[in-house]
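A quick write-up on the structure given underneath.
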Amino acid sequence: MKTIIEPFKIKSVEPIRFTTKEERIQLIKNAGYNPFMLHADDVLIDLLTDSGTSAMSSKQWAGIMDGDESYAGSKSFYRFEAAVKKITDLNFIIPTHQGRAAEKILFSIVGGKGKFIPNNTHFDTTRANVEFTGAEAVDLLNETGKHPEIRADFKGNMDVKKLEEFINKVGKENIPLCMITVTNNSGGGQPVSMQNIKDVKAVCSKYNIPLFLDACRFAENAYFIKKREPGYSNKSVLEIAQEMFSYSDGATMSAKKDALVNIGGFLALNDADIAQQCRNLLIVTEGFPTYGGLAGRDLEAVAQGLEEVLDEHYLQYRIRSIEYLGEKLVASGIPIIEPPGGHAIYLDAKRFLPNIPPENFPGQSIVCELYIEGGIRAVEIGSVMFGKYDNDGKLIPPPMELVRLAIPRRVYTQSHIDYVFEILLEVFKKRNSLKGYKIVYEAPMLRHFTAQFEPMG
Ligand SMILES: *Cc1c(COP(=O)(O)O)cnc(C)c1O
């Protein structure tokens, strides 16, 4: 087997800025030991997120120049609409400025008090948009998906039995739609099998409930199906994606993920009446239905990106570069969620730093050390992000303490990934000298973005 190479050559480069360790010790201190507060040009390798951080292709940039900025009926809209329809075969395609805008519009119409939305795992903006309407967001992930150490092919699957029990418990009339998130971002970027999508669809059809895909990473999910699910190895990723959407009645999408752009999204659906209501709301909050909060040039870039993301050399490189980092980490005994998902490596901070208790934020300690040691920016997904307090002000930690290293698409090469591994190994070797942290400032909501920390004694 030969090395899987980056399936592109580089036409335009963006220099990254090197800093010294002494500078980084000062910079992270000035940032209150919160990497969200760092200036991005003080970061060498930025693995904070894979959202909106993709490198666009020369054809996408050509599309930016070619974009039609007509207020109504732009030709860029029709190209965008055709690109989305080719993959989803859904009737009504509504552009939005990003994924959460599609969610906001959809749930404003179908949500509301007394309603329930089941999902494998709601992404945080999806949950927020469901709950904002007074509806309840319910996660029905299968059991293996909840165990970081279990290796399984489709840890993003929904528990179909629980779904049917849930429908019978709350009543089908209170479930305006059911969602499946592909891949399951909040659950480690784990894929959902075609069989599971079919099984969920069968239950939904039985009770007349529409099925929607949260389709942000549909191409990565389709590639996992091709590689892992019997019967799909000879199908093209496009055919697999088309089959996934064939079981759906609608979809929301953040184009900042698998459409390989820096901004954009859409809502797509078959129900003409709901589509009309969504468009009416779109005009109030986003814009006219043929641009929906985007410029014509953005629509061109999305249309082109949706073609490129289904290129199998691209997907092979994409999934392999994450698996490659995962293999090196596992071989060195560094604990991660296994197997690696489609867009990120999740370090298991509990096993990495068993001596630092959740109330001293082991994930935050790793995140700070990765920056100091190598200028790498990652994000804590544990007690800082999801911790709550009980009545006595004692921390209630979430089940897992994780650090996410999200890999931007087409941005870093194998040597960047090798460097990330070397720094991780260095931090792992000196894990016994790492200190815990305490919070010295926190906002009442979403504290991880702005919290300030100090290292313990
Ligand atoms: C990013 C994301 C969203 C929200 O999209 P934005 O473009 O960030 O608003 C929704 N669902 C999932 C699974 C995501 O990863």
Side-chain angles (χ1 to χ4, degrees), residues 36 47-54 80 84 88 94-108 111 117-132 137-141 145 155-158 177-192 197 211-222 224 241 244-245 248 250-268 282 285-286 292-294 298-299 301-302 305-306 309 318 322 341-344 346 379 381 385 402 404-409 446 448-449:
F36 277 106
L47 306 182
L48 191 67
T49 175
D50 67 321
S51 178
T53 52
S54 298
F80 159 86
V84 177
T88 66
I94 300 170
T96 58
H97 82 275
Q98 53 185 89
R100 69 195 70 183
E103 294 164 355
K104 168 84 182 152
I105 289 170
L106 177 65
F107 292 117
S108 297
I117 309 291
N119 203 326
N120 45 353
T121 312
H122 285 85
F123 181 64
D124 47 14
T125 62
T126 322
R127 170 174 289 279
N129 275 304
V130 168
E131 289 173 350
F132 189 76
V138 183
D139 293 341
L140 300 174
L141 186 65
K155 290 173 79 174
N157 283 356
M158 184 179 272
L177 59 87
C178 171
M179 244 186 171
I180 301 181
T181 304
V182 292
T183 57
N184 188 26
N185 186 0
S186 306
Q190 299 293 325
V192 177
I197 298 175
L211 175 62
F212 273 58
L213 294 183
D214 179 341
C216 298
R217 297 178 182 81
F218 75 95
E220 290 168 6
N221 199 89
F224 278 119
M244 285 164 54
F245 283 104
S248 79
T252 57
M253 164 102 185
S254 169
K256 299 172 74 169
K257 285 54 173 270
D258 268 354
L260 300 170
V261 294
N262 308 120
I263 194 76
F266 60 80
L267 169 61
L282 183 86
T285 58
E286 294 278 294
L294 293 168
D298 299 324
L299 295 167
V302 171
L306 286 173
V309 79
R318 169 73 180 154
I322 287 138
H343 68 291
Y346 292 72
V379 64
I381 300 192
M385 193 179 273
L402 304 173
R404 186 183 76 180
L405 303 149
I407 314 291
R409 294 170 181 78
L446 296 171
H448 56 284
F449 289 121

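Nothing here was measured: the structure is a model prediction, and the numbers come from that model. Counting starts at 1 for both ligands and their atoms, in listed order.
In the model, His343 has a side-chain atom that pairs as donor or acceptor with a side-chain atom of Asn185 under 3.5 Å.
Within 4.0 Å of ligand 1, protein heavy atoms belong to Gln98, Gly99, Arg100, Glu103, Phe123, Thr125, Thr126, Thr181, Asn185, Asp214, Cys216, Arg217, Ser254, Lys256, Lys257, listed by chain and number.
Seen from the ring of Phe123, Lys257 counts as a face-on cation partner, given the 6.0 Å and 45° thresholds.
Residues passing the side-chain contact (heavy atoms from CB on, under 4.5 Å) test with Ala102, sequence neighbours excluded: Thr96, Thr252, Leu267. Applying the side chain to side chain donor-acceptor pair (under 3.5 Å) rule to Thr125 yields the partners Glu103; only residues at least two apart in sequence or on another chain are considered. With sequence neighbours left out, Asp50 forms a salt bridge (Lys or Arg N to Asp or Glu O under 4.0 Å) with Arg217, Arg409.
In this structure the side chain of His448 never reaches within 4.5 angstrom of the side chain of Val379, judged on heavy atoms.
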